[in-house]
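Have a look at the structure below, then the notes.
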Amino acid sequence: MAAAPRRVRVRVAPSPTGPPHVGTAYVGLFDYVFARQTGGDFVLRIEDTDRERSTRQSESDIIAAFRWLGLAWDEGPDVGGPFGPYRQSERSHIYRQHAEALLQSGAAYRCFCTPQELAARRQARRSQGGQAGYDRLCRGLSEQEARQRLEAGAPHVVRLRVPLEGETAFDDLVRGAVSVHNAQIDDQVLLKSDGYPTYHLANVVDDHLMEITHVVRAEEWISSTPKHILLYKAFGWAPPVFIHMPLLRNKDRSKISKRRDPTSLLWYREQGYLPEALLNFLALMGWSLGEEREVFSLEEMIESFSWERVKTGGPVFDLQKLDWLNGEYIRAMSAEELLERIIAEPYTRRLDEPADGMLAITALVQERMKRLAEFDELTGFFFERKPYDPADLVPSKQDGDFVRQALAAGRGVLEGLDAWSAEALDAVVRGLAETRGWKRGALYMVLRVAVTCRRVSTPLFETMEVLGKDECMARLAAADAAAADLP
RNA sequence: GGCCCCAUCGUCCAGUGGUCCAGGACACCGGACUUUCGAUCCGGCAACCGGGGUUCGACUCCCCGUGGGGUCACCA
């Protein structure tokens with residue numbers, strides 16, 4: 001039975017009906033890794049068959065988001081390829097043709113029920129505790145009747161004639177056998193009355209025509225996979241391998257949704273999550289290296305990936321862990337690279353500042369940054385004096401008197417200091433604390449607030465060095481004035 | 001509700017019949033370092049959903065419960 005080894009072809013098939021979704025990236029990551037590992041092809045196909053909701057904006061956002069992540073596709077609407085077009089809205093004739101073939105063979109039939117009729121009947125059935133789904137009213141229509149209505153121009157859809165008995169099964173690569181009784185399967189709409197295909201038809205036709213070997217998609221599709229199997233059968237095609245990835249979850253374990261957690265890739269990018277960190281994090285959702293290492297590159301994942309190691313339980317998307325991981329990546333790079341990436345996006349509005357100063361500042365915040373977008377907030381005091389409450393100058397267990405003395409003494413020793421380096425500053429201030437018998441921490445806190453206008457800041461002396469003597473002295477003087485009437 | 005999928009610390013993962021009174025990571029709580037925050041290092045807390053089988057032996061296999069999730073559209 002050994003089938004000829006086929007080149008692996010996978011696709012990610014987003015529907016451009018909103019912001020690029022993190023779940024799409026999740027599935028796309030596994031597609032990409034699998035394709036790269038096997039030397040296969042990764043295809044991007046735009047499933048824009050919902051004419052109401054699909055937008056070009058959404059499509060380009062999706063493309064931009066995937067580029068940002070670095071998940072490059074070999075074929076797609078923007079780069080072309082031998083199996084195009086890759087936008088379903090441009091393939092309508094293909095679907096119509098295939099629907100026609102099904103009509104001819106009797107595997108499908110025309111249904112003239114209107115949405116309103118369907119809704120009404122559905123509701124009636126439901127209130128009587130009956131089955132959901134289509135009641136198959138038009139399934140029994142005679143050919144003559146159907147033709148009559150068709151010629152009269154009655155709007156209609158094409159439905160799949162699902163066998164009433166038996167069962168349909170498939171083997172999910174990560175879940176094993178799944179089977180459903182055909183009686184449970186609805187006579188699915190294949191072609192809508194606007195002439196566009198539904199997901200079911202378009203998906204099956206395209207996956208076959210594009211020679212997709214492995215369909216990787218989210219778990220929510222499991223229940224419609226039997227319909228797809230039936231469709232492949234009706235066409236006389238061999239179905240691809242199916243792999244249903246678990247659904248990413250909110251904290252309450254429901255399917256991840258923007259109501260609860262951020263789902264837009266645009267948001268992750270804006271916040272300053274690094275693509276490699278986000279990918280690493282997504283990989284951790286359901287897959288592991290097999291050793292106890294959690295920080296790894298895309299390349300490493302490609303090297304050791306296997307479907308056997310993907311879990312089927314739905315993972316909760318934990319932003320706290322993403323933050324930690326992002327911080328790991330931030331700390332692992334050089335300050336130069338970090339700054340480059342902050343400027344490239346940009347994540348800062350300080351684009352006109354001198355490069356050496358920016359680099360020094362970046363080095364100071366690097367180890368306390370979790371997201372690149374925090375840069376300005378963390379470094380604002382370097383560029384401008386921030387308003388602050390003079391009471392902040394007072395260290396715990398100290399009073400205004402201490403603040404005034406500390407400031408006066410501090411200004412005194414610093415005024416005479418010429419070598420304005422962190423080491424020199426450290427030595428001088430340390431010496432001051434000792435000669436006066438002051439608690440070092442208390443003295444430092446006064447200076448910190450005076451110089452950075454904040455109780456929490458980057459290390460004091462490095463910060464003062466970057467700020468320069470003039471600016472520091474001016475800030476100390478201002479603090480001194482503000483401390484005048486501190487109790 | 002019908003059908004389907006899933007089930008190890010709060011969360012993410014390791015564990016593929018014995019080496020498990022269950023291991024790592026995040027978070028949390030302590031401690032160390034330290035001029036604040038952070039980073040770093042050290043330590044701690046904390047789980048095999050329940051019940052039946054199978055087996056000499058089950059976290060691991062099977063069944064039934066229970067729980068969670070998904071799906072039941074001319075949306076994907």
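All values reported here derive from a predicted model rather than from experimental measurement. Labels below follow one simple rule: chain letters A, B, ... track the order of the sequence lines, proteins then strands, and each chain is numbered from 1.
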Would you please indicate yes or no on a ring centroid separation below 6.0 angstrom for Phe281(A) and Tyr273(A)?
-> no
Which heavy atom in Trp438(A) sits nearest to a heavy atom in Ala409(A), and how many Å separate them?
-> CH2-CB, 3.9 Å
CG of Leu322(A) versus C1' of rA25(B): gap in Å, rounded?
-> 14 Å
Just by protein heavy atoms under 4.0 Å, how would nucleotides 3-10 of chain B read 5' to 3' in B, S and -?
-> SSBS----
For Glu328(A), which contact category applies under a 4.0 Å heavy-atom criterion: base, sugar-phosphate, or nothing?
-> sugar-phosphate
Provide the Watson-Crick or G-U wobble partner of rU66(B), both distances under 3.5 Å; none if there is no partner.
-> rA7(B)
State the pairing partner of rC59(B); accept Watson-Crick or G-U wobble contacts with both distances under 3.5 Å, and report none otherwise.
-> none
Determine whether the aromatic ring centres of Trp287(A) and Phe30(A) lie less than 6.0 Å apart.
-> no
Within this structure, what is the CZ-to-P distance between Arg159(A) and rC72(B), rounded to whole angstrom?
-> 14 Å
Under-4.0 Å salt bridge between Arg11(A) and Asp31(A) = no
Nearest whole angstrom, please: distance from the P of rC74(B) to the CD of Glu117(A).
-> 13 Å
Can you give one letter per nucleotide of nucleotides 42-50 of chain B, 5' to 3': B if a protein heavy atom sits under 4.0 Å from the base, S if only from the sugar-phosphate, - if neither?
-> ---------
Applying a 3.5 Å limit to both distances, which nucleotide forms a Watson-Crick or G-U wobble pair with rC41(B)?
-> rG31(B)
Sub-4.5 Å side-chain heavy-atom contact between Lys397(A) and Lys439(A) = no
Full working for salt bridge (charged side-chain N to carboxylate O under 4.0 Å, His left out) between Arg161(A) and Asp187(A) | CA-CA 6 Å; Arg161(A) 192 185 301 274; Asp187(A) 278 4; over 6 Å; no
Between NE2 of His200(A) and P of rA76(B) the distance, given in whole Å, is 8 Å
Where the side chain of Trp324(A) is defined as all heavy atoms beyond and including C-beta, which of rA27(B), rC13(B), rG15(B) is the nearest nucleotide?
-> rA27(B)
Determine: side-chain N/O of Lys439(A) to OP1/OP2 of rU35(B), distance under 4.0 Å, yes or no.
-> no
Lys255(A), nearest nucleotide to its side chain (from rA14(B), rG70(B), rC74(B)) = rG70(B)
Position toward the 5' end of RNA chain B (nearest nucleotide), Tyr199(A) or Pro315(A) = Pro315(A)
So what does Pro226(A) touch, heavy atoms closer than 4.0 Å: a base, only the sugar-phosphate, or nothing?
-> nothing
Name the nucleic acid region contacted by Thr49(A), choosing base, sugar-phosphate or nothing; use a 4.0 angstrom heavy-atom cut-off, strictly under.
-> sugar-phosphate
Using a 4.0 Å heavy-atom cut-off across all strands, classify Met369(A) as base, sugar-phosphate, or nothing.
-> nothing
Do Tyr444(A) and Phe461(A) have ring centroids that are under 6.0 Å from one another?
-> yes
To the nearest Å, give me how far apart CZ (Arg121(A)) and C1' (rA73(B)) are.
-> 14 Å
Grab the CG-C1' distance between Asp252(A) and rG70(B) for me, whole Å please.
-> 14 Å
Which listed nucleotide (rU35(B), rC37(B), rU11(B)) is nearest to the side chain of Leu460(A)?
-> rU35(B)
Please determine, for the side chain of Trp221(A), which listed nucleotide (rA76(B), rA14(B), rU35(B)) has the closest atom?
-> rA76(B)
Across all strands shown, which nucleotide pairs with rG1(B) by Watson-Crick or G-U wobble geometry, both distances under 3.5 Å?
-> rC72(B)
Carboxylate-amine/guanidinium proximity below 4.0 Å for Arg96(A) and Glu100(A) | no
Look at the side chain of Arg440(A) and the base of rU35(B), then say whether one donor and one acceptor between them are separated by less than 3.5 Å.
-> no
Presence of Arg125(A) side-chain N/O under 4.0 Å of rC72(B) phosphate oxygens OP1/OP2 = no
Taking the six-membered ring for Trp, are Phe305(A) and Trp307(A) parallel (under 30°), tilted (30 to 60°) or perpendicular (over 60°)?
-> perpendicular
His228(A)-Tyr199(A) aromatic ring centre distance below 6.0 Å = yes
Residue mapping more 5' on RNA chain B - nearest nucleotide basis, Leu191(A) or Phe461(A) | Phe461(A)
Give the rounded distance in Å between these two atoms: CE of Met285(A) and P of rA25(B).
-> 16 Å
Distance between the P atoms of rC3(B) and rC61(B), in whole angstroms?
-> 25 Å
From the options rA76(B), rC12(B), rC37(B), select the nucleotide whose nearest atom is closest to the side chain of Val316(A).
-> rC12(B)
Going through the checks in order, is the salt bridge (charged side-chain N to carboxylate O under 4.0 Å, His left out) test met by Arg91(A) and Glu47(A)?
-> CA-CA 10 Å; Arg91(A) 301 169 63 84; Glu47(A) 309 227 325; over 6 Å; no
NZ/NE/NH1/NH2 to OD/OE distance under 4.0 Å, Lys370(A) and Asp323(A) = no
Under 4.0 Å between a side-chain N or O of Ser288(A) and OP1 or OP2 of rA14(B)?
-> yes
Opposite nucleotide pairing with rA22(B), Watson-Crick or G-U, both atom distances under 3.5 Å | none
Does the rA27(B) base have a donor-acceptor partner in the side chain of Lys321(A) within less than 3.5 Å?
-> no
Assign Arg217(A) to base, sugar-phosphate, or nothing according to its heavy-atom contacts below 4.0 angstrom with the strands shown.
-> nothing
With a non-hydrogen cut-off below 4.0 angstrom, is Lys227(A) in contact with a base, only sugar-phosphate, or nothing?
-> nothing
Given rG24(B), rC12(B), rU40(B), the nucleotide with the shortest approach to the side chain of Glu292(A) = rG24(B)
To the nearest angstrom, how far is Leu289(A) atom CG from rA25(B) atom C1'?
-> 13 Å
Indicate yes or no: does Glu434(A) engage Arg436(A) in a salt bridge with an N to O separation below 4.0 Å.
-> no
With heavy atoms under 4.0 Å as the rule, sort Gly286(A) into base, sugar-phosphate or nothing.
-> sugar-phosphate
May I ask you to say what Cys113(A) touches in the nucleic acid, namely base, sugar-phosphate or nothing, with a heavy-atom cut-off under 4.0 Å?
-> base
Looking only at side chains, do Asn280(A) and Tyr329(A) share a donor and an acceptor under 3.5 Å apart?
-> yes
Pick the P atom in rU40(B) and in rA22(B), then give their distance to the nearest Å.
-> 28 Å
For the side chain of Glu462(A), starting at C-beta, report the closest nucleotide among rG15(B), rU35(B), rC74(B).
-> rU35(B)
Could you check whether Arg293(A) gets within reach of a base, just the sugar-phosphate, or nothing at all, counting any heavy atom under 4.0 Å?
-> nothing
Sugar-phosphate only, base, or nothing, as touched by Pro197(A) at under 4.0 Å among non-hydrogen atoms | sugar-phosphate
How would you label the contact of Pro115(A) with the nucleic acid (heavy atoms, under 4.0 Å): base, sugar-phosphate, or nothing?
-> base
Measure from the side-chain heavy atoms of Arg331(A) and tell me the nearest of rU71(B), rG15(B), rU40(B).
-> rU40(B)
